[in-house]
Amino acid sequence: MVANRKEFFLNTRFMGLDYRVLLVVIVCTSFLLLSPWGSPILNSDGAIEVLMAFWYRLPDDVYYWGQDRGGSLLPLLSALPVRLLHSDPLLTISVVRYLIMVAGMLGYFTIIRLPFCRLCFAIAFFLPAFPFSDIPWYTIGIEYSLLGILVGLSARILDSSNKPEQSYPIFSHGVFILVSVVAVWVSDAALMTTVLLAAFLFCKLLPAKKHRNNFMLLQSVALAMTILVWAWLKSMAPIKTDSYSNLHGIESAGQSLHQLVHSVIDYLAFRIGDHIVSIGAWCMVMTIAATTLLRISIGVRGGGKKPYHVFFFLNAFSLLIMLQFSTWLFLNGMGRRYFIGVYVSLVIALLLWLQEMSEVKPRFLPAVARSLIGTALIGVFTTLYHFARHDPGNLTSVRSRISALPKDIGIIGNYWNSYIFSIQHPGRVIATPHERDVVRNPLLVQEVFRQPRLFLVRDQWMESFPDSIWQFGRRLERIGKERFMAGSYFCEYRIAVANE
């Protein structure tokens with residue numbers, strides 16, 4: 001029986017295929033269904049990075065348009081092939097994003113060594129359960145991909161400390177510092193995570209005096225450099241969002257916690273309008289409970305410890321505390337996407353527990369392992385089912401839905417019905433939100449009015465198209481009938497001549 005349990009975890013073939021083939025299948029499936037190129041739920045928030053790749057210019061675009069946060073790493077890396085090779089901005093952004101995510105996954109694989117656990121992580125990261133389905137197209141997915149690279153580099157630094165005859169890995173630490181700075185640029189929240197990881201490394205290097213001193217010297221310089229670069233980049237942002245970095249008091253934090261608890265209860269009590277997602281939530285809770293109980297029993301029997309789950313549990317707990325005190329999160333309704341970092345950290349911590357327990361091989365471990373992979377697969381189903389049956393009601397990519405739009409047009413609409421229409425042809429279909437909405441890039445307003453034809457989109461803006469309307473200091477006259485295209489209602493307008 002013990003031999004069978006050991007074989008279960010050391011097996012590199014599943015369903016008759018090498019697990020590396022399955023990893024490729026998981027990544028490719030995710031790209032086709034959930035990347036910006038294939039996503040059925042991509043919105044104007046995600047569309048902005050595609051447009052930035054086409055219109056990119058420094059220093060104005062060091063952060064995402066109209067923000068002082070969210071470093072524009074993806075648009076920066078994509079702008080070069082888009083301009084020099086004239087590649088499709090949407091496809092380029094998607095490929096660059098997935099290359100970074102794969103690099104992050106490989107970084108995590110330096111500590112997640114069992115093939116079974118690697119498969120579980122790949123599913124959870126590339127095909128996540130519905131509440132966290134924004135990972136493949138939202139900024140936090142890149143943040144935690146960069147964290148994976150940092151974890152891989154940290155593992156290399158720790159390995160060198162176990163070999164006193166080796167010199168300190170200055171190159172690896174230098175790359176570690178560089179990626180840390182980039183991660184903090186991409187997401188302000190990464191500052192806490194990178195500091196936690198550095199503290200974790202310092203604690204593990206304490207027995208190795210030579211490596212510890214080198215690490216402390218370099219990391220002290222790195223922390224100062226990170227803060228200086230961070231402040232410098234913030235100073236270049238064309239807009240300042242005061243509430244984003246603000247922390248509120250205990251009373252508001254209590255309200256945030258109350259809101260979070262009620263949201264979790266709604267998922268578990270089947271009150272979110274999608275019973276399949278609620279079933280998936282229950283599977284997560286039961287799997288976490290079963291894994292925790294088994295790990296506790298192993299701990300009582302003297303099971304060994306691996307260091308990295310300490311970091312990931314601390315990171316998840318610290319994020320939860322920080323999010324409760326975040327004014328920005330409170331004002332934005334405690335959206336589920338902000339908890340992606342907690343989700344990823346807990347997934348990795350649980351897999352590291354499972355990996356540790358595989359060395360002891362307790363009786364119920366294969367059952368718990370199967371519940372983990374089963375929960376991950378149910379999570380995939382919850383995402384696809386919710387997209388197909390609830391929002392948006394199908395799995396057709398946004399890219400395909402907007403392909404019917406004519407070219408060489410300008411579009412004005414609600415924020416959520418503007419930038420998204422430009423993702424396929426950013427230079428020929430140019431859109432902006434209307435003047436009373438959030439205009440992320442005022443320069444595009446001028447480009448909209450330079451197009452041969454102009455369309456307004458009334459969805460989430462007005463009940464019907466007026467005969468005339470003022471927008472951005474121009475009087476627009478309706479010249480066509482309402483048309484339904486790309487899932488929205490359009491009507492053509494023209495700029496009225498002054499003497500009219």
**Interatomic spacing from CG in L34 to CG in L395 - rounded to 0.5 Å** = 9.0 Å
**Message:** Any heavy-atom pair between the side chains of F116 and Y19 that's under 4.5 Å?
**Reply:** no
**Asked** Going by an N to O cut-off under 4.0 Å, is there a salt bridge joining D159 and R156?
**Response** no
**Side-chain donor or acceptor of S187 paired with backbone N/O of V184 under 3.5 Å** = no
**Request:** Please answer whether the main-chain N or O of P75 pairs with a side-chain N or O of S72 as donor and acceptor at a distance below 3.5 Å.
**Result:** no
**Asked** Is the shortest heavy-atom distance from the side chain of S145 to the side chain of F125 under 4.5 Å?
**Response** yes
**Complete:** d(I420 CD1, L51 CG) to nearest 0.5 Å is 8.5 Å
**Message:** Using only atom types and a distance under 3.5 Å, with no angle test, would you say the side chain of Q460 pairs donor to acceptor with the backbone of N414?
**Reply:** no
**Request:** State, yes or no, whether a side-chain contact exists between I423 and I402 at a heavy-atom distance under 4.5 Å.
**Result:** yes
**Asked** Say you draw a straight line from CG of L354 to OG1 of T291; how long is it, rounded to the nearest 0.5 Å?
**Response** 7.0 Å
**Request:** Measure from the ring center of W353 to the ring center of F313 and say whether it is less than 6.0 Å.
**Result:** yes
**Request:** Ignoring hydrogens and angles, tell me if any N or O in the side chain of E447 forms a donor-acceptor pair with the backbone of L443 under 3.5 Å.
**Result:** no
**Message:** Is the shortest side-chain heavy-atom distance between N441 and M52 below 4.5 Å?
**Reply:** no
**Prompt:** With ring centroids as reference points, do Y308 and F200 lie under 6.0 angstrom apart?
**Reply:** yes
**Request:** List the steps, then state whether side-chain hydrogen bond (donor to acceptor under 3.5 Å, both in side chains) holds for S400 with S403.
**Result:** CA-CA 5 Å; S400 298; S403 61; 5.9 Å; no
**Prompt:** If you measure from OG1 on T292 to CG on L350, what distance do you get to the nearest 0.5 Å?
**Reply:** 6.0 Å
**Message:** Between V102 and F126, is there a side-chain heavy-atom distance shorter than 4.5 Å?
**Reply:** yes
**Message:** Is the distance between the ring centroids of F132 and F339 under 6.0 Å?
**Reply:** no
**Complete:** In this structure, CD1 of I177 is separated from CG of L150 (nearest 0.5 Å) by 11.0 Å
**Request:** Can you run down the side-chain hydrogen bond (donor to acceptor under 3.5 Å, both in side chains) pairs that involve residues 41-54, sequence neighbours left out, and say none if there aren't any?
**Result:** D45-Y415, E49-Y64, E49-R97
**Message:** Looking at Y267, is its backbone amide N or carbonyl O close enough to the side chain of S278 to form a donor-acceptor pair, meaning the two atoms are under 3.5 Å apart?
**Reply:** yes
**Item:** Mutual orientation of the aromatic rings belonging to W37 and F31 [parallel < 30°, tilted 30-60°, perpendicular > 60°]
**Value:** parallel
**Prompt:** So F176 and H173, would you call those rings parallel, tilted or perpendicular, with 30° and 60° as cut-offs?
**Reply:** perpendicular
**Asked** Which atoms form the tightest heavy-atom contact between Y338 and I140, and what is the distance?
**Response** CA-CD1, 4.1 Å
**Request:** Return the minimal non-hydrogen interatomic distance between I373 and C120, and the atom names on each side.
**Result:** CD1-SG, 3.6 Å
**Request:** Carefully, step by step, assess R401 and V398 under the rule side-chain contact (heavy atoms from CB on, under 4.5 Å).
**Result:** CA-CA 5 Å; R401 291 204 295 268; V398 173; 3.3 Å; yes
**Prompt:** When you measure from the side chain of D134 to the backbone N and O of R337, does any donor-acceptor pair fall under 3.5 Å?
**Reply:** no
**Prompt:** With distance as the sole test, does Y98 use its side chain to make a donor-acceptor pair with the main-chain N or O of S30 at under 3.5 Å?
**Reply:** yes
**Message:** For D88 and V82: C-alpha separation, side-chain torsions, deciding distance, then whether side-chain contact (heavy atoms from CB on, under 4.5 Å) applies.
**Reply:** CA-CA 7 Å; D88 177 359; V82 167; over 6 Å; no
**Message:** Does any part of the side chain of F317, heavy atoms only, come nearer than 4.5 Å to the side chain of V342, both counted from C-beta?
**Reply:** no
**Message:** So which atom in N315 and which in S345 form the shortest heavy-atom distance, rounded to 0.1 Å?
**Reply:** ND2-OG, 2.9 Å
**Message:** With a 4.5 Å cut-off on side-chain heavy atoms, are I100 and L73 touching?
**Reply:** yes
**Message:** With no hydrogens and no angle check, just 3.5 Å: does a side-chain donor-acceptor pair link T92 and S78?
**Reply:** no
**Asked** Quick check: does any side chain N or O of T383 sit under 3.5 Å from a backbone N or O of P128, one acting as donor and the other as acceptor?
**Response** yes
**Request:** Specify the closest pair of heavy atoms between M322 and A189, including all atoms of both residues, with the distance to one decimal.
**Result:** CE-CB, 4.0 Å
**Prompt:** What's the shortest heavy-atom distance between L74 and I142, and which atoms?
**Reply:** CD1-CG1, 3.9 Å
**Asked** Could you walk me through whether I41 and W137 pass the side-chain contact (heavy atoms from CB on, under 4.5 Å) check?
**Response** CA-CA 10 Å; I41 62 163; W137 70 267; 3.8 Å; yes
**Positive for side chain to side chain contact (heavy atoms under 4.5 Å, CB included) with I348, one of L351, V344, L346** = V344
**Intermediate values then yes/no, side-chain contact (heavy atoms from CB on, under 4.5 Å), F130 and V380** = CA-CA 7 Å; F130 168 70; V380 178; over 6 Å; no
**Item:** Side chain T287, main chain C283, donor-acceptor under 3.5 Å
**Value:** yes
**Complete:** One should read off an interatomic distance between M284 CE and L372 CG, to the nearest 0.5 angstrom, of 11.5 Å
**Request:** Could you tell me whether the side chain of S422 and the main chain of V429 form a donor-acceptor pair under 3.5 Å?
**Result:** yes
**Prompt:** Heavy-atom distance under 4.5 Å between the side chains of D391 and H386, does that happen here?
**Reply:** yes
**Complete:** Looking only at heavy atoms, the pair that brings L23 and R118 closest together is CD2-O, 3.9 Å
